[in-house]
Amino acid sequence: MSSKVIEINNVNFSYGKQKALLNITFDVKEHQFTAVIGPNGGGKSTLVKLMLGLLEPNSGSVKILNMQPKNAREFVGYVPQYIDVNLDFPITVLDVVMMGNKKEHLKESISIFKRLFPIKYSDIEIKCAYSTLQKVGMQDYIDRKIGDLSGGQRQRVMIARALCSHPKLLILDEPTSNIDPQGQKEIFELLKELNRDLTIFVVSHDLAVVSEYAQKIIYINREAFVHDLGNDTLGATSKSNGHFCQVEMMQMLKGLKR
Ligand SMILES: Nc1ncnc2c1ncn2[C@@H]1O[C@H](COP(=O)(O)OP(=O)(O)OP(=O)(O)O)[C@@H](O)[C@H]1O
Ligand SMILES: [Mg+2]
């Protein structure tokens, strides 16, 4: 199998007549930590949906682990931009994590029937959920209601849910929006830990945080500009866009240029 986890080739995508993504080309290798930045409406979530197979490109190709995105779903963990769980329902942390315990986890939503006629989980399933929660430091909260947790704790549970099917690739769409700077740093530290076993692809608005953790930064504003921080020929791929200056400046200030 190719060591490339994500291969995006000349992808164009429009919603009706509105062009959202133009000629996007990049790839991501196994165990790379990639961050996507860019303005609101730039097309970041659209790109993520193409990678999940929830949208199809108008032209070009998207391959995940050398497969069509739809066929790769069981190998992909996804943390959506907006929490897709109704916080008013009396759903526990365990319930939320179990939602990730299926191949169809991307479509899964908790139905009212599940609450009226609660499904008993097997010991093996509970053990699996517990060990996944341990990875994100939330094992002590397994019986707590999801609605009672803080934003940062809830986001950790969402990451545990995405890890439940033991993915090779973890995609997170702005996992730290509404989380304070300390919580944000903790989530990124967690992602760094997880990156030992997984390829991480995260959408984030915070360039300062992102440039500390990512090996590759992709700026998307309809077009994509790839900035490989692990590559010494950094300047060679630079374009005269403001974002490149920002990325380089950030690297210089941190003395992180590798
Ligand atoms: N379902 C849709 N139907 C029509 N247009 C859409 C749809 N989803 C997104 N768009 C448009 O496509 C463009 C890209 O949206 P997208 O959600 O991918 O941006 P984003 O970079 O994720 O923004 P944000 O930072 O606000 O999350 C925007 O102009 C948006 O209005
Ligand atoms: Mg978005």
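Keep in mind that what you see is a predicted model, and the values were worked out from it rather than measured. When a ligand or atom number is given, it counts from 1 through the structure's own listing order. Atoms considered below: every heavy atom in the structure, side chains included; atoms not considered: hydrogens, waters and symmetry mates.
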Enquirer: Which residue pairs satisfy the ring pair (Phe, Tyr, Trp, His ring centres under 6.0 Å) criterion with at least one member in residues 35-56, sequence neighbours excluded?
Expert: none

Enquirer: For the residue pair C128 and H166, what are the closest heavy atoms and their distance?
Expert: SG-NE2, 4.4 Å

Enquirer: Which parts of the protein, at residue level, reach under 4.0 Å of ligand 1 through a heavy atom?
Expert: Y15, Q18, P39, N40, G41, G42, G43, K44, S45, T46, Q81, E174, H205

Enquirer: Salt-bridge test for K185 and E212: reply yes if a basic N is under 4.0 Å from a carboxylate O, no otherwise.
Expert: yes

Enquirer: Testing the 3.5 Å rule here: is there a donor-acceptor pair between the side chains of N12 and S59?
Expert: yes

Enquirer: For the Mg ion (ligand 2), which protein N/O/S atoms are closer than 2.8 Å?
Expert: S45 OG, Q81 OE1

Enquirer: Apply the side chain to side chain contact (heavy atoms under 4.5 Å, CB included) test between Y141 and each candidate in V157, L149, L94; give the one that qualifies.
Expert: L149

Enquirer: First locate atom OG1 of T34, then atom CG of L169, and finally report the distance between them rounded to the nearest 0.5 Å.
Expert: 9.0 Å

Enquirer: Suppose the criterion is ring pair (Phe, Tyr, Trp, His ring centres under 6.0 Å): which pairs have a residue in residues 173-207, not counting sequence neighbours?
Expert: F188-Y213

Enquirer: Can you see which heavy atom on P175 is nearest to which on V203, and at what distance?
Expert: CD-O, 3.4 Å

Enquirer: Given the rule that I, L, V, M, F, W and Y join up when any side-chain heavy atoms are under 4.5 Å apart, are Y130 and I124 in one cluster?
Expert: no

